[in-house]
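Predicted model, so just to flag it, every value in this text is computed and none were measured. All heavy atoms count here, side chains included; hydrogens, waters and symmetry mates do not.
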Amino acid sequence: MPTLEATPFPYEFDIDHIALICIDMQRDFCLPGGFAESLGNDLSNIQPCIKVIADLQAAFRKAGLPIIHTKECHKPDLSDLPTAKRNRGNPKIKIGDMGPMGRILIDGEEGSDFILDNAPLEGELVISKPGKDAFYDTILHEYLMKRNISNLVITGVTTEVCVQTTMRCANDRGYDCLLVEDGTDSFFPEFKEVTLRALTAQGGIVGWTAPSKRVLDLLAAL
Ligand code: TIU
């Protein structure tokens, strides 16, 4: 069984039961004029993980392993957008309002689509999710169970919001999760650091973390 050196201890998995999850690598989070910038965030903090995720995607594709992409977005009629979410943060423009890349965080609009560097290929599952948890109101759990996937290599933005929430919810559903340390970023570097520590403390209370190089080296050696 492949074993990867990780924090807080080695991560074991069966190659037939592992998938890469790329969380919310969307223009609305990564590019100027999108949702994240409207909340007042410094976009430069989340740029480093983009190349790392592209490398991991290439390696998973080469190994013939599944990749799942999530995007945080809402229906055009906003029926899946609770007021508690729309009114958060007192942004300049709210979810559903018109921005430079179309309506903010609305499915089908340019802004909610993936950045080119991390875009899905034909045949890879895309999950449109209304919440921070990729399992909430989606088919993700059903899809993974059908394919006997038990191990998730998690990447994406932002570390302490959708990434952490999804990892915790995956763990509650029985998945063994490895968060790629340089494959995730936050608008707040200090939140990223604390989140990685919190997820792996107490004997890996939520899961494991490891740098992308260890995952790439292991996949290259298969
Ligand atoms: N604002 C922020 O840090 N994140 C989000 O709103 N969504 C995700 O993390 N994808």
query: Is the NZ or CZ atom of Arg147 positioned over Tyr143's six-membered ring, under 6.0 angstrom from the centre and within 45° of the axis?
result: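 Arg147 over Tyr143 ring: yes.
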Ion pair check, [X] and [Y], cut-off under 4.0 Å:
X      : Y      : answer
Lys85  : Asp80  : no
Lys192 : Glu181 : no
Asp24  : Lys129 : yes
Arg168 : Asp172 : no

Is there a donor-acceptor contact under 3.5 Å from the side chain of [X] to the main chain of [Y]?
X      : Y      : value
Glu124 : Pro120 : no
Asp133 : Cys169 : no
Thr166 : Ala134 : yes
Glu109 : Arg103 : yes
Thr155 : Ile21  : yes

I need the minimum non-hydrogen distance between [X] and [Y], along with the two atoms involved.
X      : Y      : answer
Met25  : Gly156 : SD-CA, 3.7 Å
Pro211 : Val180 : C-CG1, 4.3 Å
Pro8   : Gly204 : CG-N, 3.5 Å
Leu218 : Thr3   : CD1-O, 3.5 Å
Gly96  : Leu78  : CA-CD2, 4.0 Å
Leu43  : Ala36  : CD2-CB, 4.0 Å

message: Would you say that more than 12 heavy atoms from the other residues, nucleotides or ligands in this model lie under 6.0 Å from the CD of Gln47, or not?
response: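 Yes, CD of Gln47 has more than 12 neighbouring heavy atoms, counting only those of other groups under 6.0 Å.
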- request: Assess whether atom CD of Gln202 is packed by more than 12 heavy atoms of other residues, nucleotides or ligands within 6.0 Å.
  value: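 For Gln202, atom CD is not crowded (no more than 12 foreign heavy atoms under 6.0 Å).
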What about [X] and [Y], same hydrophobic cluster or not, with Ile/Leu/Val/Met/Phe/Trp/Tyr joined at side-chain heavy-atom distances under 4.5 Å?
X      : Y      : result
Ile154 : Ile149 : yes
Leu81  : Leu39  : yes
Leu56  : Ile68  : no
Phe114 : Ile46  : no
Val157 : Met167 : no

- request: Would you please say whether a donor-acceptor pair under 3.5 Å links the side chains of Thr159 and Thr184?
  value: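 On atom types as modelled, these side chains qualify, holding a pair under 3.5 Å.
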- request: Verify whether one side chain among Gln26 and Ser112 offers a donor that lies under 3.5 Å from an acceptor in the other.
  value: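 No - no donor-acceptor pair under 3.5 Å links their side chains.
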[atom2] on [Y] to [atom1] on [X], rounded to 0.5 Å:
X      : Y      : atom1 : atom2 : value
Asn118 : His69  : CG    : NE2   : 8.5 Å
Asp182 : Ile53  : CG    : CD1   : 9.5 Å
Leu121 : Ile67  : CG    : CD1   : 7.0 Å
Lys94  : Arg86  : NZ    : CZ    : 5.5 Å
Gln164 : Leu196 : CD    : CG    : 9.5 Å
Asp97  : Ser38  : CG    : OG    : 9.0 Å

query: Taking the six-membered ring where the residue is Trp, are the ring centres of His141 and Tyr136 under 6.0 Å apart?
result: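 Between His141 and Tyr136, the centre distance exceeds or equals 6.0 Å.
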Would you say the side chain of [Y] lies within less than 4.5 Å of the side chain of [X], judging by non-hydrogen atoms?
X      : Y      : answer
Pro2   : Phe13  : yes
Ile15  : Leu219 : yes
Leu65  : Ile18  : yes
Leu152 : Leu144 : yes
Asn45  : Pro189 : yes

query: Do Glu72 and Ile127 pass the side chain to side chain contact (heavy atoms under 4.5 Å, CB included) test, and can you show the C-alpha distance, the side-chain angles, and the key distance before you say yes or no?
result: CA-CA 9 Å; Glu72 183 176 351; Ile127 295 279; over 6 Å; no
query: Quick one: ring pair (Phe, Tyr, Trp, His ring centres under 6.0 Å) pairs with a partner in residues 195-222, sequence neighbours left out?
result: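 Pairs touching residues 195-222 that pass the test: Phe9-Trp208, Tyr11-Trp208.
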task: Report the relative orientation of the aromatic rings in Phe35 and Phe29; use parallel for angles under 30°, tilted for 30 to 60°, perpendicular for over 60°.
output: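 Perpendicular.
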task: Pick out which of Asp28, Asp113, Asp107 makes a salt bridge (Lys or Arg N to Asp or Glu O under 4.0 Å) with Lys71.
output: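 Testing each of Asp28, Asp113, Asp107 against Lys71, the sole residue satisfying salt bridge (Lys or Arg N to Asp or Glu O under 4.0 Å) is Asp107.
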task: Please assess Leu179 against Leu199 for the test side chain to side chain contact (heavy atoms under 4.5 Å, CB included), listing each intermediate value before the final yes or no.
output: CA-CA 9 Å; Leu179 175 58; Leu199 292 169; 3.6 Å; yes
